[in-house]
Amino acid sequence: MRILQFGRTGQVATAVQAAARGRAEIVALSRAECDLERPEAVRAAILAADCDLVLNTAAFTQVDPAEARPDEAFAVNAIAPGEMARACAERGLPFAHLSTDAVFDGLTDRAYVETDEPRPINVYGRSKLAGEQAVLAHPRSVVLRISWVFSRYGRNYVSFMLRLARERELLKVVADQFGTPTDGEVLADFLIATAPRWAAAPAGDPAFGLFHFANAGEASRFDFARAAIDRDPLTRARLEATTQAAFAEPAPRPPRSPLDTGKLRAVFGFEPEPWRVAVERTADRLVKGGLAG
Ligand SMILES: NC(=O)c1ccc[n+]([C@@H]2O[C@H](COP(=O)([O-])OP(=O)(O)OC[C@H]3O[C@@H](n4cnc5c(N)ncnc54)[C@H](OP(=O)(O)O)[C@@H]3O)[C@@H](O)[C@H]2O)c1
């Protein structure tokens, strides 16, 4: 199995490369090798590739800076993935892409399903939604919406909170924002395990289309942080609950955006773990590794 992957240094990109060892060959393109702001470079990379699947892990993921840089966010999150899907269609290649719970407004009393109407409330969410739509126009494409991704790799909430909790006496954490944490290493394993199925599946196969991928259950940001830092014997900080409003960030966040994974279970037989089990395992591994990396 050969996979052409856009993104090399990001959290999910790194987790996929780790999961692929001994199972699949990944050619991962960094920003220097292929800048997603240059659609012609994206297209050329796919037209030249010798691969069975194209996977996009790269994105403009900085939610607050995106408010002031919408052109960049749309170039990377919408135009580039659309170009990838088009080039894949020309080559007859399947295409896997990642999206986000931030396509929803967060005004819900239940977990979101794939058929719920997206209504993004910030530039990042709008750009990711435009990307999904461009990608799903290609029949052999799959979009996995994920949320609150954590792992041993890259910048993420679990590693960030563990470090901060060693440095500070007091940590104020938002307690009125709810979602489903997603284990990025389990996601990476799923992507590698499912790659042969996508590579073999014809257009119209149920393995293509839009899916929600997340751990089971729902957490507040506060619960999420608490579950991680409680695993570290060197934690100094006391956690204090605060509100989203108190942070006054440039981009509004959906207050509640848990993802329902019933479709994932029905099509792939994938059973998500409870989020707390996965967060604790990741925190233990990070603590054991000295919070390096
Ligand atoms: N992390 C989350 O909590 C979360 C939640 C929901 C959805 N997602 C989605 O999951 C996917 C992976 O996210 P992640 O957590 O792995 O993000 P990440 O750690 O921020 O990595 C993003 C990657 O995209 C690359 N990139 C950004 N702009 C680029 C450009 N113009 N050209 C080429 N590469 C560019 C970055 O390269 P540099 O290192 O050079 O900047 C980086 O490698 C994204 O689609 C994201 O929208 C993530």
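Just so you know, residue 1 is the first one in the sequence shown, and it goes up from there. Remember, predicted model here, so these are calculated numbers, not experimental data. When a ligand or atom number is given, it counts from 1 through the structure's own listing order.
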Closest protein heavy atom (residue, atom, distance) for atom 15 (O) of ligand 1: Gln11 NE2, 3.4 Å
Short side-chain to backbone donor-acceptor contact, Asn56 and Pro81, under 3.5 Å: no
Nearest protein heavy atom with distance in Å, relative to atom 24 (O) of ligand 1: Ala59 N, 3.1 Å
Flag if over 12 foreign heavy atoms under 6.0 Å of NZ, Lys263: yes
Side chain, backbone, both or neither: the part of Ser99 lying under 4.0 Å from ligand 1 by heavy atom: backbone
Closest protein heavy atom to atom 32 (N) of ligand 1, given as residue, atom name and distance to 0.1 Å: Leu36 N, 2.8 Å
Pair Glu185-Ser151, side-chain donor/acceptor within less than 3.5 Å: no
Ligand 1 contact by Ser30, heavy-atom criterion under 4.0 angstrom: no
Option set Leu29, Leu187, Val42, Thr57, criterion heavy-atom distance to atom 12 (C) of ligand 1, minimum: Thr57
Distance-only side-chain donor-acceptor flag, Ser257 / Asp101, under 3.5 Å: yes
Protein contact to atom 25 (C) of ligand 1 [nearest heavy atom, distance to 0.1 Å]: Ala58 CB, 3.8 Å
Ser99 side chain to Glu132 side chain, donor-acceptor N/O pair below 3.5 angstrom: yes
Per atom 11 (C) of ligand 1, closest listed option by heavy atom (Val16, Leu98, Asn156, Val63): Leu98
Under 3.5 Å donor-acceptor, Arg140 side chain and Ala199 backbone: yes
Distance-only donor-acceptor check, side chains Gln17 and Thr14, under 3.5 Å: no
Element-labelled atoms of ligand 1 that are located less than 4.0 Å from some non-hydrogen atom of Arg155: 20 (O)
Residue pair Asp260 / His212, side-chain donor-acceptor N/O under 3.5 Å: no
Any Tyr124 heavy atom less than 4.0 Å to ligand 1: yes
Option nearest atom 36 (C) of ligand 1 (shortest heavy-atom distance, choices His97, Arg8, Glu72, Arg31): Arg31
Protein residue, atom and distance nearest to atom 6 (C) of ligand 1, heavy-atom basis: Ile146 O, 3.1 Å
Ion pair Arg2/Asp52, N-O distance below 4.0 Å: no
Non-neighbouring partners of Glu90 that pass side-chain hydrogen bond (donor to acceptor under 3.5 Å, both in side chains), sequence neighbours left out: Arg43
Residue, atom name and distance, where the atom is the protein heavy atom closest to atom 37 (O) of ligand 1: Thr9 OG1, 3.8 Å
Cys34 neighbourhood, listing ligand 1 atoms whose heavy-atom distance to it stays under 4.0 Å: 32 (N), 33 (C)
Residue portion contacting ligand 1 (non-hydrogen atoms closer than 4.0 Å) for Lys128: side chain
Protein residue, atom and distance nearest to atom 3 (O) of ligand 1, heavy-atom basis: Val149 N, 2.9 Å
Val42 reachable from Leu4 in the ILVMFWY side-chain graph, under 4.5 Å edges: yes
For Trp275, all residues meeting ring-ring contact (aromatic ring centres under 6.0 Å, His included), sequence neighbours excluded: none
Nitrogen or oxygen atoms of Gly7 and ligand 1 under 3.5 Å apart: no
Phe268 and Trp198 aromatic ring geometry - parallel, tilted or perpendicular at 30°/60° bounds: perpendicular
Atoms in ligand 1 with a heavy atom of Trp148 nearer than 4.0 Å: 3 (O), 5 (C)
For Gln5, the option from Leu29, Thr57, Leu53 that meets side-chain contact (heavy atoms from CB on, under 4.5 Å): Thr57
Shortest protein contact, atom 17 (O) of ligand 1 (heavy atom only): Thr61 CG2, 3.5 Å
Thr100-ligand 1 polar pair, N/O distance under 3.5 Å: no
Residue portion contacting ligand 1 (non-hydrogen atoms closer than 4.0 Å) for Phe6: neither
Proximity to ligand 1 by part of Arg145, non-hydrogen separation under 4.0 Å: neither
Heteroatom proximity flag, Ser147 to ligand 1, N/O under 3.5 Å: no
Heavy-atom nearest option to atom 16 (O) of ligand 1, drawn from Val12, Thr182, Asp35: Val12
